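Each ligand, and each atom within it, is numbered from 1 in the order the structure gives. Keep in mind that this is a model prediction, so the values were computed, not measured.
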Amino acid sequence: MSERTLVLIKPDGVDRGLTGEILRRVEAKGYRIAELKQLSASEDQLAAHYAEHQGKPFYQPLVDFMLSGPVVAAVVEGDEVIKGFRSLAGQTDPTVAAPGTIRGDLGRDWGEKVQKNLVHGSDSVESAEREISIWF
Ligand code: IDP
Ligand code: MG
């Protein structure tokens with residue numbers, strides 16, 4: 001069944017000029033970019049988006065990182081796109097994310113408190129609809 005997912009290209013991806021490369025991979029996989037914009041995230045958007053992580057040691061570094069520069073937000077559509085985009089993205093930790101994935105090919109550890117891993121992808125239908133309403 002066709003689904004929608006929220007993809008964010010995080011500030012490291014935008015700053016490193018990888019927006020096109022990341023969107024190319026999404027389109028090459030066969031998914032459709034339904035909505036797309038670049039913006040500077042607000043603290044309120046990030047508090048809502050990352051509510052599940054409040055209280056964790058990486059929470060404030062994560063919010064500071066997401067405020068450090070513009071992000072690109074996209075709604076991506078396709079059958080099984082939620083699982084499919086997370087497969088394209090790879091594991092959270094870019095050091096161990098498999099080669100062939102966005103995080104595995106393009107990311108690395110930079111010795112910081114937050115893992116700068118280039119992209120966000122929703123993890124369930126419920127998360128996707130909640131997150132899309134935060135960013136669009
Ligand atoms: P996900 O992005 O793969 O879904 P989550 O567990 O939802 O991973 O974490 C949200 C974001 O918080 C990650 O993408 C990463 O940037 C950061 N993060 C998660 N776990 C850690 C950690 O253990 N140390 C540092 N940063 C982390
Ligand atoms: Mg997550």
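- The proximity of D123 to ligand 1, defined as any non-hydrogen pair under 4.0 Å, does not occur for either the backbone or the side chain.
- Applying the ring-ring contact (aromatic ring centres under 6.0 Å, His included) test to F58 and every residue at least two apart in sequence or in another chain returns H53.
- With a 4.5 Å cut-off on side-chain heavy atoms, R16 and L118 count as touching.
- Residue N117 forms a side-chain hydrogen bond (donor to acceptor under 3.5 Å, both in side chains) with just one option from K10, Q91, R108, and that option is K10.
- Taking both residues in full, the closest heavy atoms of T5 and S122 are given as OG1-CB, 3.3 Å, listed atom of the first, atom of the second, then distance.
- A salt bridge between R130 and E126 is absent, with no side-chain N of the basic residue lying under 4.0 Å from a carboxylate O of the acidic one.
- Residue-ligand proximity, K10 to ligand 1, at heavy-atom distances under 4.0 Å covers atoms 13 (C), 14 (O), 16 (O).
- For the residues M66, H53, E52, H49, the heavy atom positioned nearest atom 5 (P) of ligand 1 is part of H53.
- Sequence neighbours left out, the pairs with a member in residues 21-34 that pass side-chain hydrogen bond (donor to acceptor under 3.5 Å, both in side chains) are E21-R24, E21-R25, R25-D105, R32-E77.
- Taking a cut-off of under 4.0 Å to the non-hydrogen atoms of N117, the atoms of ligand 1 that pass are 13 (C), 14 (O), 15 (C), 16 (O).
- Residue contacts with ligand 1: E112 is excluded, as none of its non-hydrogen atoms falls under 4.0 Å.
- Atoms of ligand 1 lying under 4.0 Å from at least one heavy atom of R86, given by number and element, are 4 (O).
- Between the choices K113, K56, H120, the shortest heavy-atom distance to atom 25 (C) of ligand 1 belongs to K113.
- By the 3.5 Å distance cut-off applied to N or O atoms, T92 is counted among the residues near ligand 1.
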